[in-house]
Amino acid sequence: MRVLDVAAVSAWSAACVHSLAVLRPAIDGINVYPVADSDTGSNLLFTMTAARDALAEADPATTAEALAAFAKGAVAAAKGNSGVIMSQVVRGIAESAAARELDGPGLADALGCADRAATGAVSRPVAGTILTVLHTVAAAVRDATGSLEEVAAEAASVAAEALEETPKQLPVLAVAGVVDAGARGLVAVLDALSGVISGGLTEAEHPLEAHHRHTIDAPTAWEVMYLLDDVDEGSLPGLRKTLSGLGDSVTVAGDGAGAYAVHVHCADIGAALEAGIELGRPRRVRVEPLITPTPVEVGGGIDRSVVAVVHGGQLAELLRAEGVAVLSVPQGSEPTVEEMLGLINEAAGHHVTVLPGGQRLTAAADAAAGHAMAADRDVVVIPCVSPVQVLAALAVHDKDRRTNDDVVAMAEAAAATRRGELRIAHEESLTWVGRAQAGDVVGLVDGEVVLIEPAPASETSLVAAAVGVLNRMLALGGELVTVLTGVDAPVRLPGELADQLRLEHPEVELTSYAGGQSDAVLLMGVE
């Protein structure tokens, strides 16, 4: 087969349904994310069955028309988060087919279009899910020049390999010992496509699959789905933002013909519907309870996780290197409810300790900890007003200690850490120690200005100001100084500060890291 034709699209639609029907129990059995309600396989089967039926009724004359009918049926019937995403996979391929024939390079382009469409529909893409596997496939075949059969086979093979990596990327999968359920469905769909093209369609259960059953309790939140018509495309970012404030797993996916499938997990059904009513005409509304499962039984003592939310990419990488799941948000902004819920619900274990690196981040973490979508987790937020307190808390974290004792130890370490800062004044201001002009170096201890070094800021003045701040902090005692350098800090500043501190306080140990914060040249902690 040189190019994908109408007959092949029809055969692919039937093969998808057959494969998903066979695999439905297995996929349902490994469904632990985003909600362990054992319905991902059922949702994918429902979505693709409706898409197949829509194609059968369309009587298309071209491949593009066939795929367009297939995609429109998938979007209209998309069920669950995985169903919506899969509908966008088909839609992306359909849109690409409208521009060029689907030979080998054409299929490679189509998979790239599918990747963009699916990722664009999701408010907060998460590593270790169907989106990760799809992106890996698209990247692998991006420059492919082989035949249609070769590209399809490569896509299916890469997808299977990427599926095996999902437990390493999403902790909740690793704890349950399963691969991502939605991604497993994508592998089945790509296997079906490769099989139809090669003429040797087969389907075998993936070696990493496991039947993981859950005891069902009462619903704690709801899955709200509807189609939205007569909506201005420019208003969709606002809709996603509104829905993200209500819960998580937000997707707003178009069918290419003006209709959008809306999906959200939330506690307020009315608010989710009102968000759509304000922008367009909702129809085919479906509301289903989200079931809270009995916590997954895990081995190795993994019953809890420590996660952090911070500003600064370099600080985030430092924490990730210590095995901590991190949400990094831009300086001056706050994480959305959906982002915080994702950080909490993607963590391994039932108990989650959150370390927020600032006052506003602490407020956002507190709001998420009390949200209905986190009700099945035991969430504790340790208040921190500076990233140096996050580092102090992590320094005493002991996964082998009793949970309550460990939380107390981390909270005490954070609270006992005094914090200092060096900032560059952006405008004239009056402080407790005098008037600061724009460009002056301002030193703070525990949020209060304690010294001002006149502009212009230089390596010498920054070192002098840092030593001055630390002298005030160390006057009350301390053995360990931790420094986080900002994006505007001179490269040699940590070394010169260490030399100066060694002369004045030889008894103190100094540790310096690149923090990457943009609001302070230096952040300092004393323990």
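For reference, positions follow the sequence shown, starting with 1. Any value given below was found using the heavy atoms of this structure, including those in side chains, with hydrogens, waters and symmetry copies removed.
The closest side-chain donor-acceptor pair between Thr40 and Asn31 falls under 3.5 angstrom. A donor and an acceptor atom, one from each side chain of Ser123 and Arg240, are nowhere located under 3.5 Å apart. Side-chain contact, Asp115 with His135: a donor N or O sits under 3.5 Å from an acceptor N or O. If you check the side chains of Asp28 and Ser42, you find a donor sitting under 3.5 Å from an acceptor.
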Practice task
Start with the C-alpha gap between Asp255 and Arg91, add the side-chain angles, then the distance that decides, and say whether salt bridge (Lys or Arg N to Asp or Glu O under 4.0 Å) holds.
Solution key: CA-CA 7 Å; Asp255 66 356; Arg91 177 196 168 194; over 6 Å; no
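His311 places a side-chain N or O within 3.5 Å of a backbone atom of Val329 that can act as its donor or acceptor partner. Looking only at distances, a side-chain donor or acceptor of Tyr226 sits under 3.5 Å from a matching main-chain atom of Ala272. Distance alone, capped at 3.5 Å, places no donor-acceptor pair between the Thr129 side chain and the Pro125 backbone. Under the 3.5 Å distance criterion, the side-chain polar atoms of His263 are matched with a main-chain donor or acceptor of Asn81.
No more than 12 heavy-atom neighbours from other residues, nucleotides or ligands sit within 6.0 angstrom of CZ on Arg142. Remark: Asp398 CG is packed, more than 12 non-hydrogen atoms of other residues, nucleotides or ligands lying under 6.0 Å away. Within a 6.0 Å sphere centred on CD of Gln331, other residues, nucleotides and ligands contribute more than 12 heavy atoms.
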